[in-house]
Amino acid sequence: MTVATLDLPKTVVLDILRKMYRIRHFETKVIELFQEGQIRGSTHTYIGEEASGVGACSALRPDDYITSTHRGHGHCIAKGGRLDLMMAELLGKSTGYCKGKGGSMHIADVDAGILGANGIVGGGIGIATGAGLSIKIKRTDQVCVCFFGDGGFNQGVLYECANIAALWKLPVIYLCENNKYAMSTPIEKSSAVADLSARAAAFGMPGINVDGMDVLAMREAVWHAAERARRGDGPSLIVADTYRFEGHNVGDGQRYRTREEVERWRQSDPILRFRDQMVRQGLITDPEADQIEAEVQDELARAIEFASQSPEPDVETLEQDVYA
Amino acid sequence: MTVATLDLPKTVVLDILRKMYRIRHFETKVIELFQEGQIRGSTHTYIGEEASGVGACSALRPDDYITSTHRGHGHCIAKGGRLDLMMAELLGKSTGYCKGKGGSMHIADVDAGILGANGIVGGGIGIATGAGLSIKIKRTDQVCVCFFGDGGFNQGVLYECANIAALWKLPVIYLCENNKYAMSTPIEKSSAVADLSARAAAFGMPGINVDGMDVLAMREAVWHAAERARRGDGPSLIVADTYRFEGHNVGDGQRYRTREEVERWRQSDPILRFRDQMVRQGLITDPEADQIEAEVQDELARAIEFASQSPEPDVETLEQDVYA
Amino acid sequence: MTLTAEPATATRELTLSQALNEALREEMRRDPNVFVMGEEVAVWGAGGGIFGVTRGLVDEFGPERVRDTPISEEAIAGIACGAAVTGTRPVAEIMYVDFTAMAMDPIVNQAAKLRYMFGGKAKVPMVIRAQEGAGRGNAAQHSQSLEAWFVHVPGLKVVTPSFPADAKGLLKSSIRDDNPVIFLEHKALYQTRGPVPEGEYLVPLGVADVKREGKHVTVVGVHTMVHKALAAAEKLAAEGIEVEVVDPRTLVPLDVETIVRSVKKTKRVVVAHEAVERGGVGGEIAMQIVDNAFDYLDAPIKRVCGRNVPVPYNLNLERLAIPQEEDVIAAIRELVAGAV
Amino acid sequence: MTLTAEPATATRELTLSQALNEALREEMRRDPNVFVMGEEVAVWGAGGGIFGVTRGLVDEFGPERVRDTPISEEAIAGIACGAAVTGTRPVAEIMYVDFTAMAMDPIVNQAAKLRYMFGGKAKVPMVIRAQEGAGRGNAAQHSQSLEAWFVHVPGLKVVTPSFPADAKGLLKSSIRDDNPVIFLEHKALYQTRGPVPEGEYLVPLGVADVKREGKHVTVVGVHTMVHKALAAAEKLAAEGIEVEVVDPRTLVPLDVETIVRSVKKTKRVVVAHEAVERGGVGGEIAMQIVDNAFDYLDAPIKRVCGRNVPVPYNLNLERLAIPQEEDVIAAIRELVAGAV
Ligand SMILES: Cc1ncc(C[n+]2csc(CCOP(=O)(O)OP(=O)(O)O)c2C)c(N)n1
Ligand SMILES: Cc1ncc(C[n+]2csc(CCOP(=O)(O)OP(=O)(O)O)c2C)c(N)n1
Ligand SMILES: [Mg+2]
Ligand SMILES: [Mg+2]
């Protein structure tokens, strides 16, 4: 694979940086709000994994689809989700993406191709594969990226769907974000094969490992897989090597891993890494980057303002939208 | 693999031949009885696949386990099942293995290590893996052979269980009987990978292809996998290349395959092949072989007699054995 | 007795299986987004479907729209859900309802809930066709009736046709419905013949049908029990007992009004289904009657349902495990004892 | 009010979660064939279990008998079934009952039916522990109550403890039971404290417990609804309305006798559960009352159950989706109106 095939206009550079900052600051705020009790249930942050979702989605078209997981805020932002509507949803407000009915694990924007976060580990896999089938039946050249984790990798539905996607050459990209843990369970305890991408052999599709902390590597890998899919050559498996800097959910004591291990990974912060690289290559300047971060901070402040000012859902809505 | 490691005493030769004849003649009779309406529901014969089950089970100890499928008569006979109790079950009699409550798809003899045929494609996979776990917990050195078909190979539960069996080094042998079809569906339409044993890579265990029409090759492959399992080195995948000579079930018109294809496979009849080989090698004589076949015919006649003379289950039994 | 909610028109005799086949053909011709997928729907037997429901569809609509799948029930339902939420109208077949046990997550946690969880911003127009019931000696893993599981899941609709004409009209409505519909056929009814109107018609979801009118007792029956109730009614008529037979046709939405109207008239009711009694949908139907017509009841509501056992293989035992015409007759006699 | 079916003994206060942990410890010490498996049962948090039920077990019994599994629910249940039929006694955890949707085949088609299909020649002594219910803002895929699915499956037993002492005694009985037992805990009750007898005791499956005696109306409640009913009873007592609260404790087997005895005394009954009303177990309990005490009823049986919607995330909406103390009070007032 050579970068030549995929150029990197400045607009894209800025967009990538903005989205990574959006995720980082949004999630940082989420932790705060959860601890204050303003966000209910359980919520899982994407801090540290920004490069994976943002790189992947920067290779997609607006009309392409993604399916996400319980750790969905980052994927949603990466695919173009709005901070204000997301924040309003997390606060359970009527103005939220789901009118306050879904919360953190169900944020979706079907029109934007975001087929939803999912509270079921593996729950998005059938949906993504089905999206691939309807793309094929409708003969459009969209693709669907199916995000799941190293833990979700062990759900049987993946094996069933991947086999069918390969048989039918469906335009689906199965993207495993290997952040090394499923809650407290390290991959050594959850997968019998060390190299997760090797499983692609059983699925009948190409499988590759990508540095998930390198946003451009992710962008490129997904772009190539998408090209292949649009050509009608079928699905691919991409395993992103990444790491979550925070606990599994807000409140996780993380006794299953050492501070040192976390620190080591924090050293390769995907945002700083990309920013420095772009500055070094002269694609952006530090002031420009600071400017973007500042804009994101404002945007987030406004989003929180919007969310807190928004009304609670009307009680009449309880029985609405159960059926179409 | 060399045969040296596993010798072939004459008693075993005779036993193998007897069991293959038992299956062939039992199933031939089953077709007749089903057509006469004496057997209800649906029934699936093992004719043509005798070498797979008999070879596999001849490598096992009496205290080892097997799990079977909807096509279970052959596995049951191979593991030592009795024709009279099986036939009585097929006729729904109180003297049957399941007292007439199970029928063709549920014949079991837990004490003989036969954990049951199964009406659910893939239904035996979790059970076999669980048997492997209890063997491990009880620290015996038994093994469990898990039979399933090329169609069942696509059930997600296999992927989930195989991964766990490999992680925990459970003494389970996953034995796929690739008879080329799942009902009318050829493997090319059901599996994205041509070489089914390649899926073992995703399961984290060794996988091999074996000539499933060669009873000794099956015996040897399973024996080696069992040795490995007893040593505590974990599970294996064996794909037996075989073929069913009859329809999927009695009544299948078989419009999905040609007479020629079936005829070609009938040429390599596993029973004749083994018998000729043994005679050539001087391990048995033709009269001895004929004698065995004759004995099997008598045994079968007595089994049918027993079954037809047996009483129907008492109506009081309807609500018995729902709970222990 | 009306056969459908539609005005009567010219009819011809079809089996329930043929009627369903017509419904699929008509809807696939009408809407290119409708497609069929499942195990053995395209090639098996005389060209699709172990009971012939999808027979010949692949010849007319091709393999792109009539898809044989591998044996992967969870994937079949999950793919149907994803295809539906992205703008097609899948009609997915799970060969036996027993196998939906492998497909409950996509049906219950995904398809049924997506719209609500997304705040109304998604539609999931999919149909899961499955076949249930006993009577063919298929034993415990191929003879269950599991409608009660789906009735308990908000977001799903549940359809249970008993006659060819209803089956066709209900399947067409289910395919056009924008919600996930669990369409449950009964394996013992595929060969049931009955008049089917010529030409285009629909049977709406949520409208029960009074299959026979009577004034002494109401029988609310599901699937085969509608037929057994009609046979029972015929016999009892000779003795002057007039039985009204109500077929809800869809369990969700349930036409409580029609059921309650009948019970208010007869003051006595039997609820009959083949599914095991314990936890069966009979309890729900009965409670709708309690909620809406308790004071009209002259006798306790009676259930005539499957025994609380797995379905056994043996013919006699299987017959005993599921309710028969005699059981309906016995229940009715008990209810009307002295009153008629 | 008795806390267990056992004679009262010295007690101490424990949370329901701690009581379950004691039950697991005692049974694992007692029988080396008992083992625990599931997701996050060994290491998570302070040493096992997202609600601490399995906390510390791995330290005492080691990783061979306390097994963290990959995220593979169908395998967890299937392996438990196979381990049980071959002579061990697995206690498998499915983290949320919502995820049993992925494990229904091994539970329903295998574990529940093997013994019967095999003509009584197998035993399947396994326990599936799962946690259900709403109230914590976990939304639609983590808040369901699905006991009705399992109640409808012959071969399964279904346990729903509401108090710490019951929870401990019932779990011990479930582990010693030779049948597959679906042991359903309610996530909102883990921190509920209550007296737990010192030393060894069992609470038998199939014996309901009258948590409070009263003569005007009976409330049969499941899980949290027992507590809400008790709170309601306390309030109504002030007005002279005496409410009897019956906790079935196990839904299969169901202690119909105790329920019916209470209803024959009070002549009025409310059945309350958090699961959605449509198709919920309330219908079954109500029909048992209709079958056995219809002529004693002075008013219609009332259900106070979850609304027929997926559980929403928003706090107010979630509160409205599940029945509250006020709803129980309102239902009781309606029933006793004029009578007391
Ligand atoms: C079917 C199902 N099983 C279990 C859970 C509980 N659970 C939520 S997240 C999680 C770990 C997921 O790990 P992974 O797939 O690696 O994603 P990550 O959290 O690391 O992003 C588990 C076990 C669930 N939500 N759904
Ligand atoms: C879960 C499930 N899905 C579908 C079926 C219906 N069915 C019975 S046998 C069969 C084909 C199985 O093919 P394979 O596994 O290759 O075994 P074979 O019949 O070739 O021996 C199917 C689809 C079933 N019994 N169970
Ligand atoms: Mg992970
Ligand atoms: Mg096959």
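The sequence lines fix the lettering, A, B, ..., with proteins before strands; numbering per chain opens at 1. Quick note: numbers below take in every heavy atom, side chains included, and nothing from hydrogens, waters or symmetry partners. Everything numeric in this text was worked out from a predicted model, so none of it was measured.
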Practice task
Could you tell me which residues in residues 99-107 of chain C have at least one non-hydrogen atom under 4.5 Å from a non-hydrogen atom of chain D, sorted by residue number?
Solution key: C:Ala101, C:Met102, C:Met104, C:Asp105

Practice task
List the steps, then state whether side chain to side chain contact (heavy atoms under 4.5 Å, CB included) holds for C:Lys302 with D:Asp291.
Solution key: CA-CA 7 Å; C:Lys302 274 201 150 303; D:Asp291 291 345; 5.8 Å; no

Handout entry: Contacting region of D:Ala139 [heavy-atom separation from chain C under 4.5 Å]
Key = neither

Handout entry: Contact residues of residues 280-287 of chain C (partner chain D; heavy-atom separation under 4.5 angstrom)
Key = C:Gly280, C:Gly283, C:Glu284, C:Ala286, C:Met287

Completion exercise
Among C:Leu146, C:Asn308, C:Val153, C:Val276, the residue with the most heavy-atom pairs under 4.5 Å to chain D is C:Val276

Handout entry: Worked verdict on D:Leu297 versus C:Phe294 for side chain to side chain contact (heavy atoms under 4.5 Å, CB included)
Key = CA-CA 10 Å; D:Leu297 290 171; C:Phe294 185 76; 4.2 Å; yes

Fill in the blank from the handout: Residue from C:Pro300, C:Ala148, C:Ala112 scoring the most non-hydrogen pairs under 4.5 Å with chain D is C:Pro300

Completion exercise
Residues of residues 256-264 of chain C with a heavy atom under 4.5 Å from any heavy atom of chain D, in residue-number order, are none

Problem - Residue among D:Pro154, D:Ala275, D:Pro312 with most heavy-atom pairs under 4.5 Å to chain C - result: D:Pro154

Handout entry: Listed partners of C:Arg333 passing side-chain hydrogen bond (donor to acceptor under 3.5 Å, both in side chains), at least two apart
Key = C:Glu239

Exercise for the section: Name the option with the most non-hydrogen atom pairs under 4.5 Å to chain D; the candidates are C:Glu73, C:Gln110, C:Arg303, C:Glu147. Expected result: C:Arg303

Handout entry: For chain C, the option from D:Val311, D:Val271, D:Val151 that forms the most heavy-atom pairs under 4.5 Å
Key = D:Val151

Problem - Inter-residue atom distance D:Phe150.CZ - C:Trp149.CH2, 0.5 Å rounding - result: 8.0 Å

Practice task
Check the surroundings of atom NZ in D:Lys267: do more than 12 heavy atoms from other residues, nucleotides or ligands lie under 6.0 Å from it?
Solution key: yes

Problem - Main-chain N/O of D:Arg278 paired with C:His152 side-chain donor or acceptor, under 3.5 Å - result: yes

Handout entry: side chain to side chain donor-acceptor pair (under 3.5 Å) partner of C:Asn109, the single match among D:Gln141, D:Gln144, D:His142
Key = D:Gln144

Practice task
Kindly check if the number of other-residue, nucleotide or ligand heavy atoms within 6.0 Å of NZ (C:Lys121) is above 12?
Solution key: yes

